K.L.:
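Let me begin by handing over the structure; questions about it come next.
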2 protein chains.
Amino acid sequence: MSLGYGQSENSSGLLFLTDEQLRKGIEAMFFAYRGFTADPDRILSERSYGRAHHRALHFIKRSPAITINNLLSTLGVTKQSLNRVLRTLIQDGLVLNEVGVQDKRQRHLSLTEDGSEFERALSNAQSDRMRTAYRQAGADAVQGFRAVLEAMMDPELKKHYGTRSNGQRS
Amino acid sequence: MSLGYGQSENSSGLLFLTDEQLRKGIEAMFFAYRGFTADPDRILSERSYGRAHHRALHFIKRSPAITINNLLSTLGVTKQSLNRVLRTLIQDGLVLNEVGVQDKRQRHLSLTEDGSEFERALSNAQSDRMRTAYRQAGADAVQGFRAVLEAMMDPELKKHYGTRSNGQRS
DNA sequence: AACAATACGTCAGTGTTGTTGACATTCCAA
DNA sequence: TTGGAATGTCAACAACACTGACGTATTGTT
């Protein structure tokens, strides 16, 4: 089997990786992440929003009615940092903030019509690039891409990955 | 062939990707990048350095005697931003700044002994995680990982990827 | 020799996004 | 009733990006 990228496998089935190969992996992450954020960044700057706004919109879209605490632990930032971003999104009418029914201490976040539309624009820009990259690399590559990324996540953060649930407890 | 991750391929050989699959790819990038930077970030904060210092050290190590302009276009930041970082690294004795021989306007950057040692510590932390992720995902996955990342880069930035040259012209 | 362009450094101001620390309010649960 | 949980907010600060402007040294060109 041709492994490509100068990898080799020894008799124990363990990958042998040179410093050079690891360095290229590191740089690949660096350069790819720039490309990954480039398109949404352009759209965001038109409305003088930043990447933090995009992230908030993304996860609110993913988990409608998500609570502040859940969003906080998903994003991994402080509440003060998130609050600044949410305040502008709520004021601008992109995000709805509703008091919980079971637990009135909680707030449930969701996208307004405008918010959905804007999130879609950002999401489309990012998805387009990802789709192009996927097709360029091929189906097998996509599988490997996701497998390596998942293995690279912190276990603590990984639990927030791949769910559509809003994490509400009954 | 089992593609996994719910992908499918149509008769034209084109990947069919649902919004859900693309969304998971986007989140994978987000969470993985956090993991990717987590270990070096810890080391950096002990010396009150940031990610920008790490990036500078990485590319100076990769291309010894690199000029300011080349480093600038590799990192994709402004000279004012880079200068702030380089100034501290030079003052702290981690980076050498030497006037060019052929062209005395240019400055050539390289790591000192201390700089090499520090860069190695950062690099090792990051490489360890990447090596673990690679081994967990398997040899085929690594190939796909790199292929997708490369396809995701901006062409303008991609030209800085995968070279050990310092970009000097004769 | 004169002049334009290149490479670099720096000052000042601004914006986004993160942090810590402190404090208040509201509400749930024991 | 009392403690803790969930949220919001104020203030201060730091990292790191940006723009704009200006200065100096050096090189290349006319």
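Predicted, not measured: the structure shown is a model, and the values here were computed from it. Each chain gets a letter, A, B and so on, in the order the sequences are listed, and its residues count up from 1.
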K.L.:
Give the cluster check for B/Leu72 versus B/Leu75: same hydrophobic cluster or not, with ILVMFWY residues linked at side-chain heavy-atom distances below 4.5 Å.
P.N.:
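Result: yes, single cluster for both.
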K.L.:
Taking the ring centre of each residue, are B/Tyr33 and A/Phe36 less than 6.0 Å apart?
P.N.:
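When the ring centroids of B/Tyr33 and A/Phe36 are compared, they turn out to be at least 6.0 Å apart.
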K.L.:
Starting from P on C/dC27, measure out to CD1 on A/Ile68 and report it in whole angstrom.
P.N.:
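My rounded result for the distance is 16 Å.
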K.L.:
Phosphate oxygens OP1/OP2 of C/dC8: is one of them under 4.0 Å from a side-chain N or O of B/Asn69?
P.N.:
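The answer is yes; a side-chain N or O of B/Asn69 sits under 4.0 Å from OP1 or OP2.
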K.L.:
Measure CD/B/Gln102 against P/D/dG28 and give the value in whole Å, please.
P.N.:
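Those two atoms, CD and P, are 11 Å apart.
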K.L.:
In whole Å, I'd like the distance from the NE2 atom of A/His108 to the P atom of C/dC27.
P.N.:
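These atoms are roughly 13 Å apart.
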K.L.:
Whether A/Arg107 contacts C/dT25 is assessed here as follows: a side-chain N or O lying under 4.0 Å from the phosphate OP1 or OP2. Is that the case?
P.N.:
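No, A/Arg107 has no side-chain N/O under 4.0 Å of OP1/OP2 on C/dT25.
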K.L.:
Using whole Å, what does the distance between atom C1' of nucleotide D/dT7 and atom CD of A/Glu98 come to?
P.N.:
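In whole Å, D/dT7 C1' and A/Glu98 CD are 16 Å from each other.
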K.L.:
So does A/Arg105 reach the base of D/dA5 with its side chain, donor to acceptor, closer than 3.5 Å?
P.N.:
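Result: at least one qualifying N/O pair found.
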K.L.:
Counting only side-chain nitrogens and oxygens, does A/His53 get under 4.0 Å of the OP1 or OP2 atom of C/dT17?
P.N.:
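Looking at the OP1 and OP2 atoms of C/dT17, one of them is under 4.0 Å from a side-chain N or O of A/His53.
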K.L.:
How many whole angstroms separate atom CG of A/Asp103 from atom P of C/dA29?
P.N.:
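Distance check: A/Asp103 CG to C/dA29 P gives 7 Å.
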K.L.:
What integer distance in Å separates B/Leu75:CG from D/dA17:P?
P.N.:
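Computing the B/Leu75:CG to D/dA17:P distance gives 8 Å.
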K.L.:
Whole angstrom is fine here: how far is it from NE2 in B/His54 over to P in D/dC16?
P.N.:
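It works out to 12 Å between those atoms.
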K.L.:
Is B/Glu27 paired with B/Lys24 through a side-chain N to carboxylate O contact shorter than 4.0 Å?
P.N.:
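No, no charged N to carboxylate O under 4.0 Å.
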K.L.:
Taking the basic N atoms (NZ, or NE/NH1/NH2) and the acidic carboxylate oxygens, is any pair closer than 4.0 Å for A/Arg42 and A/Glu46?
P.N.:
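Answer for the salt bridge query: no.
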K.L.:
Less than 4.0 angstrom from a charged side-chain N to a carboxylate O is my criterion; do A/Asp154 and B/Arg34 meet it?
P.N.:
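No salt bridge links A/Asp154 with B/Arg34.
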K.L.:
Once the angle between the rings of B/Phe30 and A/Phe59 is folded into 0 to 90°, is it parallel (under 30°), tilted (30 to 60°) or perpendicular (over 60°)?
P.N.:
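Ring orientation of B/Phe30 relative to A/Phe59: tilted.
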K.L.:
Test your reading of the model: is there a side-chain donor-acceptor pair from A/Asp92 to the backbone of A/Leu94, 3.5 Å cut-off?
P.N.:
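No, A/Asp92 side chain to A/Leu94 backbone: no donor-acceptor pair under 3.5 Å.
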K.L.:
Who pairs with B/Gln136 by side-chain contact (heavy atoms from CB on, under 4.5 Å), at least two apart in sequence or on another chain?
P.N.:
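With sequence neighbours excluded, B/Gln136 shows a side-chain contact (heavy atoms from CB on, under 4.5 Å) to A/Ala151, B/Thr132, given in chain and number order.
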K.L.:
For B/Leu72 and for A/Arg55, locate the closest nucleotide of DNA chain C by heavy-atom distance; then report the residue assigned to the nucleotide nearer the 5' terminus.
P.N.:
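Looking at DNA chain C, the more 5' nearest nucleotide goes with B/Leu72.
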K.L.:
Please state whether the base of D/dT7 and the side chain of A/Lys79 form at least one donor-acceptor pair under 3.5 Å?
P.N.:
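A donor-acceptor contact between them is present.
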K.L.:
Within residues 31-46 of chain A, find the residues that approach DNA chain C with a heavy atom at under 4.0 Å, and present them sorted by residue number.
P.N.:
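Going residue by residue through residues 31-46 of chain A, none turns out to have a heavy atom under 4.0 Å of DNA chain C.
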K.L.:
Kindly say whether B/Ser45 contributes a backbone atom to a donor-acceptor pair with the side chain of B/Ser48 at under 3.5 angstrom?
P.N.:
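Such a contact is absent between B/Ser48 side chain and B/Ser45 backbone.
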K.L.:
With respect to the phosphate group of D/dA17, does any side-chain polar atom (N or O) of B/Thr78 fall under 4.0 Å of OP1 or OP2?
P.N.:
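No, no such contact exists.
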K.L.:
Verify the contact: side-chain N or O of A/Asn70 to OP1 or OP2 of D/dA6, cut-off strictly under 4.0 Å; return yes or no.
P.N.:
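The answer is no; no side-chain N or O of A/Asn70 sits under 4.0 Å from OP1 or OP2.
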K.L.:
Above 12 or not: heavy atoms from other molecules or residues under 6.0 Å from CD of B/Gln91?
P.N.:
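Result for CD/B/Gln91: enclosed.
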K.L.:
Heavy-atom contacts under 4.0 Å between residues 81-93 of chain A and DNA chain C, which residues?
P.N.:
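Those residues whose heavy atoms fall under 4.0 Å from DNA chain C, taken from residues 81-93 of chain A in numerical order, are A/Ser81, A/Arg84.
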K.L.:
Can you tell me how far P of D/dT26 sits from CD of B/Gln106, to the nearest Å?
P.N.:
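So the two atoms are 13 Å apart, to the nearest Å.
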K.L.:
With hydrogens left out and only the distance checked, is there a donor-acceptor pair under 3.5 Å joining B/Gln80's side chain and the base of D/dG20?
P.N.:
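Indeed there is one.
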